[in-house]
Amino acid sequence: MEERPERLISEDGLRLDGRKPDEMRPLKIQAGVLKRADGSAYLELGANKIVAAVYGPRELHPRHKQKPDRAVVRFRYNMAPFSVDERKRPGPDRRSIEISKLSKEALEPAIFTEYYPRTAIDIFVEVLQADAGTRCAGISAASVALADAGIEMRDLVAACAAGKVEGKVVLDPMYYEDGYGEADVPLAMMPKEDKITLLQMDGDMTPEEFKQAVKLAKKGCKIVYKEQRRALKEKYGGD
């Protein structure tokens with residue numbers, strides 16, 4: 001990682017990229033960007049660039065893996081070798097396998113899997129450029145791709161992280177804040193139901209700071225949710 005900047009938060013409370021503690025990076029989502037997939041989405045969050053694709057529901061092979069009462073959801077998160085400053089070795093690693101599992105668990109509660117017995121729903125997330133917060137960005141993009149594929153869902157899943165940087169709780173940490181901050185709290189939720197589907201914490205926070213981080217991350221999720229809905233409306237119209 002590049003050398004740590006002298007200060008991550010200035011004396012007047014602004015962060016390295018000029019944001020206030022409770023501000024998100026610029027966010028853009030587009031639905032239906034890939035012709036070959038059943039559903040897809042493209043997301044930019046700050047310098048993050050992420051593509052999500054969904055295939056299915058389709059018959060699951062081999063058949064012994066089929067579930068007679070529901071669909072099997074499979075998720076693959078991958079960072080392209082050129083997505084980071086130092087070329088990443090191609091293929092799955094321990095981190096990508098962990099994020100794939102957590103992302104699947106974050107999305108599965110929103111999907112009416114019981115509507116699609118004996119099938120597979122395959123979700124692929126490809127990080128083209130990384131700038132911290134890729135797991136949350138990937139979940140948010142995948143949720144739009146699922147909706148674009150016409151898969152019945154209870155609600156979209158929106159995800160956002162909060163963190164602790166130089167003793168302050170901040171929304172949506174960027175590269176340096178993620179690398180040199182004291183804590184990171186990724187959160188995913190179904191905003192309409194106010195139901196959290198993913199909550200993690202890495203680092204050190206007091207109970208009060210953790211509560212503040214959860215509150216801030218939920219605020220970020222609502223911003224993401226608004227943009228997810230806008231992207232789908234732009235493609236399909238309606239409410």
Side-chain angles (χ1 to χ4, degrees), residues 27-45 50-60 65-78 99-127 133-161 186-200 217-239:
L27 172 66
K28 175 182 126 182
I29 304 175
Q30 187 180 350
V33 295
L34 302 174
K35 287 184 180 179
R36 305 298 183 201
D38 294 317
S40 61
Y42 172 73
L43 182 148
E44 288 184 5
L45 176 64
I50 290 170
V51 173
V54 169
Y55 294 86
R58 55 188 179 184
E59 189 177 359
L60 176 58
K65 291 191 174 181
Q66 292 179 357
K67 302 289 183 185
D69 58 341
R70 62 182 174 87
V72 173
V73 178
R74 301 185 292 197
F75 192 108
R76 196 197 78 162
Y77 165 100
N78 183 60
I99 291 177
S100 297
K101 180 179 181 294
L102 292 167
S103 300
K104 180 191 99 122
E105 290 170 356
L107 289 163
E108 208 164 18
I111 302 168
F112 284 104
T113 53
E114 63 271 24
Y115 289 4
Y116 311 106
R118 303 184 186 280
T119 66
I121 297 171
D122 290 309
I123 306 165
F124 298 89
V125 164
E126 194 76 17
V127 179
T134 57
R135 95 181 50 190
C136 288
I139 289 167
S140 299
S143 182
V144 174
L146 284 163
D148 185 47
I151 290 168
E152 293 281 345
M153 300 168 72
R154 292 172 178 84
D155 193 9
L156 292 167
V157 177
C160 189
L187 183 147
M189 66 182 294
M190 293 187 275
K192 194 165 64 178
E193 300 190 4
D194 196 29
K195 182 178 177 182
I196 291 173
T197 61
L198 168 73
L199 179 59
Q200 293 178 277
K218 286 175 85 171
K219 175 189 171 181
C221 287
K222 286 170 184 172
I223 295 169
V224 173
Y225 187 65
K226 190 175 177 181
E227 178 63 13
Q228 288 173 314
R229 288 172 61 86
R230 185 210 59 77
L232 290 164
K233 282 180 194 174
E234 189 175 271
K235 184 177 178 189
Y236 293 104
D239 299 324

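This chain uses plain numbering: 1 for the first residue, then up along the sequence.
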Do D148 and S40 come close enough that some side-chain heavy atom pair is under 4.5 Å? yes
Which heavy atom of L27 sits nearest to which heavy atom of I223, and what is that distance? CD2-O, 4.3 Å
What's the separation between atom CD in Q30 and atom CG in L232, rounded to the nearest 0.5 Å? 11.5 Å
C136 versus A161, closest heavy-atom pair with distance: SG-N, 3.9 Å
Evaluate side chain to side chain contact (heavy atoms under 4.5 Å, CB included) for L198 paired with L187, printing each intermediate quantity in order. CA-CA 5 Å; L198 168 73; L187 183 147; over 6 Å; no
Run the numbers on V72 and Q66 for side chain to side chain contact (heavy atoms under 4.5 Å, CB included), then give the verdict. CA-CA 7 Å; V72 173; Q66 292 179 357; over 6 Å; no
The reported gap from OH in Y225 to CG in D155 (rounded to nearest 0.5 angstrom) is 3.5 Å
Quick check: do V51 and V125 have side-chain heavy atoms less than 4.5 Å from each other? no
Minimum heavy-atom distance A145-A52, with the two atoms named: CB-O, 3.9 Å
Does L60 reach the side chain of T119, with side-chain heavy atoms less than 4.5 Å apart? no
In Å, rounded to the nearest 0.5 Å, how long is the span from OG of S143 to CG of L43? 11.0 Å
Filter on side-chain hydrogen bond (donor to acceptor under 3.5 Å, both in side chains), then keep only pairs touching residues 186-197, sequence neighbours left out; what's left? D194-K218
About how many Å separate SG of C221 and CE of M190, when rounded to the nearest 0.5 Å? 12.0 Å
Can you list the residues that meet the salt bridge (charged side-chain N to carboxylate O under 4.0 Å, His left out) rule with R76, with sequence neighbours excluded? E126
Please determine, by modelled atom types, if Y42 and E44 share a side-chain donor-acceptor pair under 3.5 angstrom. yes
Contacts under 3.5 angstrom, residues 103-114 side chains, donor-acceptor by atom type, not counting sequence neighbours:
residue : atom : partner : partner atom : Å
S103    : OG   : I99     : O            : 2.7
E105    : OE2  : K101    : NZ           : 2.7
E114    : OE2  : R154    : NH2          : 3.4

Do the charged groups of R58 and D122 touch, with an N to O distance under 4.0 Å? yes
Is there a donor-acceptor pair under 3.5 Å between the side chain of R229 and the backbone N or O of L156? no
If you define the side chain from C-beta out and look only at heavy atoms, does anything of V127 sit under 4.5 Å from Y77? yes
Separation between OG of S140 and CG of L45, rounded to the nearest 0.5 Å: 8.5 Å
Any non-hydrogen side-chain atom of P117 less than 4.5 Å from a side-chain atom of P68? no
Given F124 and F75, is the side chain to side chain contact (heavy atoms under 4.5 Å, CB included) satisfied, shown in steps? CA-CA 6 Å; F124 298 89; F75 192 108; over 6 Å; no
Rounded to the nearest 0.5 Å, what separates atom CD1 in I151 from atom CD1 in I121? 4.0 Å
